[in-house]
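See below for the structure under consideration.
A, B, ... follow the sequence lines: proteins, then strands. Residue 1 opens every chain. Please read these numbers as outputs of a predicted model, since none were measured by experiment.
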Amino acid sequence: MSDEIRSVRGFHDILGNDLKKFRRITNVVRRILKLYNFEEIILPVVEYAELFQRSIGEVTDIVQKEMFTFQDKKGRWLALRPEGTAGTVRAYIQHRMYAERPYRKLFYEGPMFRYERPQAGRYRQFHQIGAEIFGVGDPEADFEIIEIVYKILKELNITVVIEINSLGCLKCRPAYREELVTFLNEVEENLCEVCKERKDKNPLRVLDCKVETCRETFKSSPKVIDYLCEECKEHFERLQSFLNSSDIPYRINPSLVRGLDYYSRTVFEAVSDDLSTTIIAGGRYDYLVEQLGGPPTPATGFAVGIERTALLLPDVEEDVESYIVIPFGEVKEYAMKVADILRSKGYTVEFSYRRGGLRKQLEYADKMGFRYAVIIGEDEMKEGKVTLKDMREGVQVTKNIEEL
RNA sequence: GAGGGUGUAGCUCAGCUGGUAGAGCAGUGGACUGUGGAUCCACGGGUCGCGGGUUCGAGUCCCGUCACCCUCCCCA
């Protein structure tokens, strides 16, 4: 036992009930994305580290402290992807997708990697499923993304609040940023230690602080939405008008900012009240494609944190209508044939390897939750029949092999 | 990167001021040779996370270390 090899810290196996929840989430998301005609792309797990430095932002924690980076044999810096958007944009550019159609809707699913301390719903290898719309600058696209997020949560029966905000664009954000820094310097003594640190590094992030005294202080801080230029203001208002004419509940959170540098204009988060954590988030990133070497292309998208969402799902006991074939006596060949006949009709069938008498066999069938036990003894074999027992109802019938 | 908690049987856990390791559940077999969800009996199973120290003697005390869980930071 002492020399047993365990999985690497923060890298976990997903099995049993956790896997059921995992699949439930991805199935729901995939089905909804299909309704909106998104197409899947499978992206590599490894990219050049530079891709993330140039997209997520050099000064973000993700890039500075949380990325798994390493050198290949030729000394190039590679990284395990910490998120999916950068790779999707890279692929969009690399395959010249911008030249094929006026716009493109893509989705991806897979493991992401961040080097951080594991805790509830958070691992070093975690999984996201996300979608992006390239080439649409209009708020319709933002609305579609938020609508999809809402449908996902509704279908999964998860109660969350969708918070939205606008971060403005390159025209209006710098002015706001300056105002904010001025304000933060004035109230510096009221800020927590972390905020004092962050104020110079990434001032927008300060607004995200959860410390009560900070929140109180920020009530009088300048708000991004008051500094939006005409175009950004109109964009944000039209998004709200789409939302208002839908049944999607939302609220504006003027302090909502996101931790990745590439966002512009619309940002949103689906925040769980009982978990007090974000499970789905996203927003618009109109400069990223160009920043990574493509033509100017507006884009917007979202990502679902699968493990985190799974925490909000109840344990599900699904009734699988599966069969167990119980051979009793010298009937193995016959019993295997019966099992295969059932499989050819599409049933899930386990051939029992459990040793022991019929009693033990039925105990096993009961414990494992099989709906039907197909009992096959020498009597049944002689007559070309089987005994089919309904484990739930406790009744059994004898059937000819052809009647299965 | 900072802080807190926990490591004893497959699982959940007890084990007092140091004195040879325990329960429940699960497993296997039997009571019961072709009928489960119940009962009873028996059996197997542990370098007490790892390393060192104190001691005649350490699961228990001390030091170190690792892992897991949780919180902060950060983020989905």
Practice problem: Write down the distance separating the P atoms in B/rG44 and B/rG4, rounded off to the nearest Å. | Solution: 44 Å

Under 3.5 Å between N/O atoms: give me all the protein pairs with nucleotides 2-8 of chain B, atom names plus distance.
{"unit_1": "B/rG3", "atom_1": "O6", "unit_2": "A/Arg117", "atom_2": "NH2", "d": "3.1"}

Exercise. Could you check whether A/Glu380 gets within reach of a base, just the sugar-phosphate, or nothing at all, counting any heavy atom under 4.0 Å?
Key: base

Quiz item: Which part of the nucleic acid does A/Gly282 contact within heavy-atom distance under 4.0 Å: base, sugar-phosphate only, or nothing?
Solution: nothing

Self-check item: Nucleotide B/rC68, atom P - distance to CZ of A/Phe11 in whole Å
Solution: 11 Å

Quiz item: Salt bridge between A/Glu83 and A/Arg114, side-chain N to carboxylate O under 4.0 Å?
Solution: no

Practice problem: Send over the distance from A/Met368 CE to B/rG37 P, rounded to a whole Å. | Solution: 17 Å

Self-check item: Nearest-Å distance once atom P is located in both B/rU8 and B/rC16
Solution: 16 Å

Quiz item: Roughly, in whole Å, what's the span from CZ in A/Phe370 to P in B/rG37?
Solution: 17 Å

All N/O donor-acceptor pairs, side-chain side in residues 334-342 of chain A, below 3.5 Å, sequence neighbours left out:
{"unit_1": "A/Tyr334", "atom_1": "OH", "unit_2": "A/Lys385", "atom_2": "N", "d": "3.1"}
{"unit_1": "A/Tyr334", "atom_1": "OH", "unit_2": "A/Lys385", "atom_2": "O", "d": "2.8"}

Exercise. Using the C1' atom as the reference point in each nucleotide, state the distance between B/rG7 and B/rC50 in Å, no decimals.
Key: 11 Å

Using residues 280-300 of chain A as the side-chain source, report each donor-acceptor pair under 3.5 Å to any protein atom, sequence neighbours left out, with the distance given to one decimal.
{"unit_1": "A/Arg284", "atom_1": "NE", "unit_2": "A/Asp142", "atom_2": "OD1", "d": "2.9"}
{"unit_1": "A/Arg284", "atom_1": "NE", "unit_2": "A/Asp142", "atom_2": "OD2", "d": "3.0"}
{"unit_1": "A/Arg284", "atom_1": "NH1", "unit_2": "A/Val136", "atom_2": "O", "d": "3.1"}
{"unit_1": "A/Arg284", "atom_1": "NH1", "unit_2": "A/Asp286", "atom_2": "OD1", "d": "2.7"}
{"unit_1": "A/Arg284", "atom_1": "NH2", "unit_2": "A/Val136", "atom_2": "O", "d": "3.0"}
{"unit_1": "A/Arg284", "atom_1": "NH2", "unit_2": "A/Asp138", "atom_2": "O", "d": "3.3"}
{"unit_1": "A/Arg284", "atom_1": "NH2", "unit_2": "A/Asp142", "atom_2": "OD1", "d": "2.7"}
{"unit_1": "A/Tyr285", "atom_1": "OH", "unit_2": "A/Glu132", "atom_2": "OE1", "d": "2.5"}
{"unit_1": "A/Asp286", "atom_1": "OD1", "unit_2": "A/Ala299", "atom_2": "N", "d": "3.2"}
{"unit_1": "A/Tyr287", "atom_1": "OH", "unit_2": "A/Leu170", "atom_2": "N", "d": "3.0"}
{"unit_1": "A/Gln291", "atom_1": "NE2", "unit_2": "A/Arg54", "atom_2": "O", "d": "2.6"}
{"unit_1": "A/Thr297", "atom_1": "OG1", "unit_2": "A/Pro295", "atom_2": "O", "d": "2.7"}
{"unit_1": "A/Thr300", "atom_1": "OG1", "unit_2": "A/Gly283", "atom_2": "O", "d": "3.4"}

Quiz prompt | With A/Ser352 via side chain to side chain donor-acceptor pair (under 3.5 Å) - residues at least two apart | solution = A/Gln361

Exercise. Rounded off to whole Å, could you give me the NZ-to-P distance for the A/Lys360 and B/rG30 pair?
Key: 6 Å

Quiz item: 5'-most contact on RNA chain B: A/Tyr263 or A/Arg6, nearest heavy atom basis?
Solution: A/Arg6

Practice problem: Identify whether any heavy atom of A/Glu378 sits under 4.0 Å from a base atom; if not, whether one sits that close to sugar-phosphate; answer base, sugar-phosphate or nothing. | Solution: base

Practice problem: Applying ring pair (Phe, Tyr, Trp, His ring centres under 6.0 Å), name anything that partners A/Tyr48, two or more places apart in sequence or on another chain. | Solution: none

Exercise. Select one nucleotide: of B/rU35, B/rC70, B/rG29, the one nearest the side-chain heavy atoms of A/Gln396.
Key: B/rU35

Quiz item: Can the ring centroids of A/Phe38 and A/Phe107 be said to lie less than 6.0 angstrom from one another?
Solution: no

Quiz item: Roughly how far apart, to the nearest Å, are B/rG27 and B/rC66 at atom P?
Solution: 38 Å

Exercise. Name all pairs fulfilling the side-chain hydrogen bond (donor to acceptor under 3.5 Å, both in side chains) condition that reach into residues 363-381 of chain A, sequence neighbours left out, sorted by first residue then second.
Key: A/Glu321-A/Arg371, A/Glu350-A/Tyr364, A/Arg371-A/Asp390, A/Glu380-A/Thr387

Quiz item: With rounding to whole Å, what would you report as the distance between B/rC72 and B/rC63 at their C1' atoms?
Solution: 28 Å

Self-check item: Dot-bracket encoding per residue of RNA chain B, Watson-Crick/G-U cut-off under 3.5 Å, | denoting interstrand
Solution: (((((((..((((.....[..)))).(((((.......))))).....(((((..]....))))))))))))....

Quiz item: How far, in whole Å, is B/rG49 from B/rU60 if one measures between their C1' atoms?
Solution: 16 Å

Self-check item: Qualifying residues under side chain to side chain donor-acceptor pair (under 3.5 Å), relative to A/Tyr150, sequence neighbours excluded
Solution: none

Exercise. Using a heavy-atom cut-off of under 4.0 Å over every strand shown, decide if A/Lys367 touches base, sugar-phosphate, or nothing.
Key: sugar-phosphate

Practice problem: Would you indicate what A/Asp366 reaches in the nucleic acid, counting non-hydrogen atoms under 4.0 angstrom: base, sugar-phosphate, or nothing? | Solution: base

Self-check item: Atom pair distance, as rounded to whole Å: CG in A/Leu362 and P in B/rU33
Solution: 13 Å

Quiz item: Atom CD1 of A/Ile5 to atom C1' of B/rC68: distance rounded to whole Å?
Solution: 18 Å

Quiz item: How far, in whole Å, is B/rU12 from B/rA38 if one measures between their C1' atoms?
Solution: 23 Å

Practice problem: Quote, to the nearest angstrom, the C1' distance that separates B/rC40 from B/rG46. | Solution: 28 Å

Quiz item: Ion pair present between A/Lys105 and A/Glu39, side-chain N to carboxylate O less than 4.0 angstrom?
Solution: no

Quiz item: Roughly how many Å is it from CZ in A/Arg359 to P in B/rA38, rounded to a whole number?
Solution: 11 Å

Self-check item: Protein-nucleotide distance (A/Gln119, atom CD; B/rC73, atom P), rounded to Å
Solution: 9 Å

Give every donor-acceptor pair under 3.5 Å between a side-chain atom in residues 116-123 of chain A and any protein atom, sequence neighbours left out.
{"unit_1": "A/Glu116", "atom_1": "OE1", "unit_2": "A/Arg122", "atom_2": "NH1", "d": "3.4"}

Quiz item: A/Gln361 near the nucleic acid: base, sugar-phosphate alone, or nothing, with a heavy-atom cut-off under 4.0 Å?
Solution: nothing

Practice problem: Would you mind classifying the nucleic acid contact of A/Arg355 as base, sugar-phosphate or nothing, using non-hydrogen atoms under 4.0 angstrom? | Solution: nothing

Quiz item: So, A/His127 and A/Glu307: side-chain donor and acceptor under 3.5 Å apart, yes or no?
Solution: yes

